[in-house]
Structures are given as structure tokens and as C-alpha cells.
Amino acid sequence: MKKLAVMILVLLSLPVVRAYEFTFSPDNYGIIEEPAFSWADMGNTTFKWDGYELNTTGYLYWAGVLVSARGRCAFSEEMAIVDGSGRRFYTEYGTSPTNGTLYLPLFEEDLYLSHYYNLSRGPYTFNITLKAENCEVMVKKFVFVTSRANPKTLPLKLVPPYGYPKKEQAIRSFEFANKTYWREFELNFTYIYRGGSEDVVNGWKSEPCPILSISNGKICLAERYCECYEENASLSPGIYRVELGFKEGNLSVRILEKGIVFEKSVHVRHPLYLASLGGVAGNVSFRGVEGNASELFETPKDRQGYLIFAIALIIALMIAMRWRI
């Protein structure tokens, strides 16, 4: 009984290994563009759109207004929202003096991190106010991004930049909702390579840095923080399947078209966290086992050093025993 109790205590003292798994489709998101043409000459102007309706059964994920400004223009935006269940919400944004063509946010995806912004599905009704100071401004259109699933439950978060949406609507960047370190993982997704230099997978340890990147057809798989050696893969623009894996400190990638077009493996000494994906065009699958940031994976040189030390220790013990005899 004592041995059994000791075994149970030992098992309970071991760290709990948590596995995480999901599949995800970028087709979860939709884009609705609505014309909202208005124009104002130099000076201070207030635009209002009251009772503006967005006919959707999805969740509001992101909203913005596209403007073209001439002069040092300061903007402030306010929006009152009524969701499909009749609940009311309010957002407010502002910009420092700027000019050119840009998207001004009306609703951003990070609001779902707050318990207050628990929006139901649409349809939505908006009261939108846009104030412009000291400039000539043209309001071109509203852009709304909707989500079929509740954004709070998504394993990957769409990250619309201020220049969003891009013309290639299938090409998007995503951020991992589960911010953790991975002792091992398998990450597979379909990727559109457009040519030039692109960061495909970002993450690492203390600060985000490319884990996998492509530069003019060459592949870069990071061995150390923000440091890797490019290998020529002669990758031409096209659609590829990417398989990125990490196990026992070995980080490996396979890039496939009709067959394998590139394959490489490097050793990383510590667990990795995954921050974001770029250029995803198809379903993403992920399976991971959580790790600890302080954990270290031994390299073959480490193991060789331990072996040499063990042999030297045995020889020293044998000599000491002979001296005693």
C-alpha cells in the first residue's frame, strides 16, 4: 500500500500535459462594402448616418469607413450599434492629424475581448458620426467584415489592417487566439505565395519573429531568434500546402504542390509560441501539446557531452577504487 501511495504522489506531481486541436476555414468571414459618398471642403465638418442598416445574419467582426483626406486632418468616429436581439452598444475612435486615403475604424475585433461587447447576430442598425477637422475630405464607402461563428470562440482571429480589405479577398492574415508555448505541434494550411518576400508563420519566444518566411522563392526556417539561413526552393507564385511540425526540439517544414517541392528540418532549443499566419487561402488544421517557456530541448552535442562526462566519471571512479585496493 505504501508503494502504491508513493506512485500516486509521483504521478500527481508530474506536470499536466494539455493537448489542443482545431480545424478552421477562412471562409468563416464575409465582406460587405456599402457606398457612402460624401464630400466637404476645407474646415471642420460633421457627417452623420442615422438608422443605417446592415442586413446580415452573421456577427459584426470589423467595421470601417474609407476616406480620402487632403491636409492635416484629425478624425473622430462614433458609432451606436443595435444588434439583432435589440441590445445597444457604443464605440468611439480618434486619429492624430493625417492625410491620404485610409480606413478609419468604427468597430474592431479586439472589442470581443471585453465582456461588455457580447454582440448577438445581425441584422444591425447603426448611428454613425464622423467628424473631420482642418481638411478637405471625401467619404467613399463603409466596409463591414462579418463572421459566421461567434468571434469569442474562434481559434484564429482575422487581423484586418488599416488598408483592409485587400483586393485578393482570399489572402488574409490571422492571429492565434490561444497564446501559449508549444512543446510539439502540427500545423497544416493552404498558402498563396504571391512572389517577393513574405512572412508565412510568426512567433518564437519572447518577441514575435518569423518562424517560416519566403524571400524571392527561397525558404527561411528559423533556427534562432530572427536568424535563419535561406535555402533555394525556386518557389514560383502559386498555391501550396504547407506542413509545419515541431517535436522534441526539431522544427520541420514540408511545402507541397503536386508533390514535395521543399523539405527542411532544424533544431530549436526551447518551446515555441505561434503568433500569426499570413496568406492563408484554405482550411487550417492544428494539433499541439502545451509546453513551458523554461523547458530546454537537448541537441546532439549536449547528449554527446553528457556521454563523455559519464564515461570520464566512471573512469575516475574505477581509478579511485583501485587506489583504495
Could Glu184 and Arg287 be called an ion pair, given the rule that one side-chain N must be under 4.0 Å from one carboxylate O? yes
Would you say Glu248 has more than 12 foreign heavy atoms packed within less than 6.0 Å of its CD? no
So for atom NZ, which belongs to Lys264, do other residues, nucleotides or ligands contribute more than 12 heavy atoms lying within a distance under 6.0 Å? yes
Salt bridge (charged side-chain N to carboxylate O under 4.0 Å, His left out) between Glu295 and Arg183, intermediate numbers included: CA-CA 9 Å; Glu295 194 175 352; Arg183 178 183 302 167; 3.3 Å; yes
Using a strict 4.0 Å threshold on nitrogen-to-oxygen distance, state whether Glu231 and Lys218 make a salt bridge. no
Quick check against the 3.5 Å criterion: does Asn202 have a side-chain atom that pairs as donor or acceptor with the backbone of Leu277? no
Can you confirm whether more than 12 heavy atoms, excluding those of Asn216, are under 6.0 Å from its CG atom? yes
Within 6.0 angstrom of Lys152 NZ, more than 12 heavy atoms from elsewhere: yes
So, the side chain of Asp50 versus the backbone of Asn127: is there a donor-acceptor pair under 3.5 Å, distance only? no
Check: Ser197/Ser215 side-chain N/O donor and acceptor closer than 3.5 Å: yes
Centre-to-centre under 6.0 Å for Tyr193 and Tyr240, is that the case here? no
Charged N to carboxylate O below 4.0 Å: is that the case for Glu175 and Lys157? no
Can you confirm whether or not the ring centre of Phe246 sits under 6.0 Å from the ring centre of Phe297? yes
Can you see whether Ser265 engages Asn250 through a side-chain donor-acceptor pair at a distance of less than 3.5 angstrom? no
Taking atom CZ of Arg224 as the centre, does the number of heavy atoms from other residues, nucleotides or ligands within less than 6.0 Å exceed 12? yes
Check whether any side-chain N or O of Tyr117 sits under 3.5 Å from a backbone N or O of Tyr90 as a donor-acceptor pair, and report yes or no. yes
Using ring centroids (six-membered ring only for Trp), state whether Phe142 and Tyr103 fall under 6.0 Å. no
Is the ring pair Tyr61/Tyr112 parallel, tilted or perpendicular, if the boundaries are 30 and 60 degrees? parallel
Parallel, tilted or perpendicular: ring planes of Phe185 versus Phe286, cut at 30 and 60 degrees: parallel
Ring center gap for Tyr59 and Tyr29 short of 6.0 angstrom: no
